[in-house]
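Note on naming: letters A, B, ... go to the chains in the order of the sequence lines (proteins, then strands), and numbering restarts at 1 for each one. What you see is a predicted model, and the numbers here were worked out from it, not measured in a lab.
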There are 2 protein chains.
Amino acid sequence: MGSTLGRRLPVMADVAKEAGVSHQTVSRVLNDHPNVRSETRTRVLEAIDKLGYRRNLVARALVTKHSRTLGVVNFDTTLYGPASTVYGIEQAARAAGYFVSIVSLKSIDKAGVRDALDYLSDQGVDGVVVVAPQRSAAQALADLPLGKPTVAVEGGEAGSVSVVCVDQVEGGRLATEHLLSLGHETVWHVRGPSDWLEAEGRVAGWRAALREAGREAPRPLAGDWSPRSGYEAGRSLASMKNVTAVFVANDQMALGVLRAFTEQGVRVPEEVSVVGFDDIPESEFFSPPLTTIRQDFDAVGRHSIEVLVRQLQGGPQEHERLVVPPRFVTRLSTTRVNA
Amino acid sequence: MGSTLGRRLPVMADVAKEAGVSHQTVSRVLNDHPNVRSETRTRVLEAIDKLGYRRNLVARALVTKHSRTLGVVNFDTTLYGPASTVYGIEQAARAAGYFVSIVSLKSIDKAGVRDALDYLSDQGVDGVVVVAPQRSAAQALADLPLGKPTVAVEGGEAGSVSVVCVDQVEGGRLATEHLLSLGHETVWHVRGPSDWLEAEGRVAGWRAALREAGREAPRPLAGDWSPRSGYEAGRSLASMKNVTAVFVANDQMALGVLRAFTEQGVRVPEEVSVVGFDDIPESEFFSPPLTTIRQDFDAVGRHSIEVLVRQLQGGPQEHERLVVPPRFVTRLSTTRVNA
DNA sequence: CACTCTTTTGTTAACGCTAACAACCCTTGA
DNA sequence: TCAAGGGTTGTTAGCGTTAACAAAAGAGTG
């Protein structure tokens, strides 16, 4: 009464016997070694097929020291941005022949990052992508002794590690310049949490665009990316007299802003123009459809794997910094000011 | 000029020498074997600490046949539901001491599922959670010879595999009953794609509630979960005369429906009441805030890991079916009909 | 004090694979 | 015909861990 399915899984030696060769020859066939007679190769392949053999990657990893697995450290995969980035990373990694092992952190202190890295390292990953959108995470990463090739996504100042990110400053600038070009006197800003680098970048772009146009930058309103925080900021803005244009740091908060305006009877875009950031799938169907800045998360994921794989293959040791440009998407939430 | 950091990582034998014991004793300490003198244990622990030793889990996996890694197969992690489920799975798995390796599929045919399972199996995962919301995926799973403990999330009729899912029928019923209780003569439905089990379940619940109330079920409008498909359905509905209540199969489509209604001058909820499904973070800030059915994705993730771990620890061999109840969330998109 | 029984520790042999080397086969050219 | 040289195959030795057994050291008993 065999407890499981009876026969044990075939190993290389079984294939070797079946094909009448040595296990090493089987190994050679499997690894595309050039010096194998094609007739022998065929015989081995047939034996593999017949026995349903699959090579044991754990054993392989033990001797080669490569697991062909990449680690990903992330924070809150529930948000559209991180989720999309991880998706892009996963797809790109698999296309490059790597497995992906994921750790999603709740908190982002240094201890958390270290633990995650240790955890992945124990498991034998060949390299790591850390999605580190918060200053603390980026800092932790910079401070940590990294035993393996590592790429930071949205990870700040580079230096000790390669970075792939979207040009947030440019995005903030695009949004603001668009609003100014429509004739708005100034542009208000609902910003993301100060601990987030992306939030800082967008603020910086907004500030720069205003400064270059010779305008005063109003005090930005604080948000935490959530629709609710946008809603609250929206209520504040609705109660002010001179607001005609708002750049909101992400689409979710923009939704909250729109909701608050609707409730207060402020019409968008007739009275106030609103620009968001991210271009989540929903934005096109907000009321009104949201003008926003699109981030190509897919490209970010792809590039981060490219950079990492390049490092793994012994590429240049210097740390790269790869910046993905954002794209402006115009819809109906903005319009020319009619004075 | 050592290329990397010079010295090789310490192994068990190094620790053994340092502590003046055999490597097997070190192994025993590491595995909490009871029969180790506490003084010896301390000595070993100190040596481990001194050398910064970390055990090689790959070697361990080779001999124990357990990798303490769980595989997750998923489709489109960009959607809120799947993303949240995976997040829940990952958290629960880590809490249970397992690593998580993820494969995100684009297509969901049998070949895709088989490949994903093979891929994970090659890597040596101990068990697999397959998020299989589509009939084809569930079917593929049922047909495949599963070499490892497997749990399907939203995976259909059980039978050959354990299943954890949200009670979609009940959800559809809740939504419909709510609308009927408000005095609506009947309830229209914008459904999800027909090969999704969740879509079918919601349709079934909607039908059942109407039947039990002795009402005719109108022909459901087809959608594909996207806001755009909801928008198109909404335009159709807006052009009809007798529509006063709509149950939309997910919140994203509901957003599209709301948008179409707004464009056509149909007021919600005054003229038409709308109920969604999922309770994504945005729904509370739609215009109007959306009455919807909440799915506890976190619980689904947790339960799927519980079931899987139970199987891994040699629990009952019968396949379980665990159903998570949905929850009704009332907001402002529905109201009593005033005849 | 001899004897058994229980802890505690060490020794040896896998796990399934690849790397390194050795051995063999066949060409090829003198 | 033989030697040299390349292509092809086999043999051996690990990789770093745990399992199984063996040995040594204490504890308890008459």
Gap between atoms NE2 and P, on B/His23 and D/dG16 respectively (whole Å): 13 Å

If you assign each of A/Met12 and A/Arg28 to its closest nucleotide in DNA chain C, which residue comes earlier from the 5' end? A/Met12

Close approaches to DNA chain C from residues 40-66 of chain B, in residue order (heavy atom, under 4.0 Å): B/Thr40, B/Leu62, B/Val63, B/Lys65

On the 0 to 90° scale, with breaks at 30° and 60°, tag the A/Phe99-B/Tyr119 ring pair as parallel, tilted or perpendicular. tilted

Whole-Å distance separating the CZ atom of B/Arg68 from the C1' atom of D/dT17: 16 Å

Provide, to the nearest angstrom, the distance between the CZ atom belonging to A/Arg37 and the C1' atom belonging to D/dT9. 9 Å

Closest non-hydrogen atom pair between B/Ser304 and B/Val164, with its separation: CA-CG2, 3.7 Å

With sequence neighbours excluded, residues passing salt bridge (Lys or Arg N to Asp or Glu O under 4.0 Å) with B/Lys17: none

A/Gln123 versus B/Val58, closest heavy-atom pair with distance: O-CG2, 3.9 Å

Separation of D/dG14 P from A/Gln24 CD (nearest whole Å): 16 Å

Qualifying residue for side-chain hydrogen bond (donor to acceptor under 3.5 Å, both in side chains) with A/Asp122, from B/Arg68, B/Arg55, B/Arg54: B/Arg54

Minimum heavy-atom distance A/Val307-A/Ser162, with the two atoms named: CG1-CB, 3.8 Å

Specify the closest pair of heavy atoms between A/Gly88 and A/Asp298, including all atoms of both residues, with the distance to one decimal. CA-OD1, 4.3 Å

Using whole Å, report how far CG of A/Asn35 lies from P of D/dG10. 14 Å

Counting neighbours of NZ on B/Lys50 that are heavy atoms of other residues, nucleotides or ligands and sit closer than 6.0 Å, is the number greater than 12? no

Give the rounded distance in Å between these two atoms: NZ of A/Lys17 and P of D/dG10. 15 Å

Which two nucleotides bound the region of DNA chain C that has atoms under 4.0 Å from heavy atoms of chain A, read 5' to 3'? C/dG16 to C/dA20

Is any side-chain nitrogen or oxygen of B/Ser27 closer than 4.0 Å to OP1 or OP2 of D/dT18? yes

Say whether, by atom type as modelled, one donor and one acceptor occur between the side chain of B/Glu90 and the main chain of A/Ser104 under 3.5 angstrom. yes

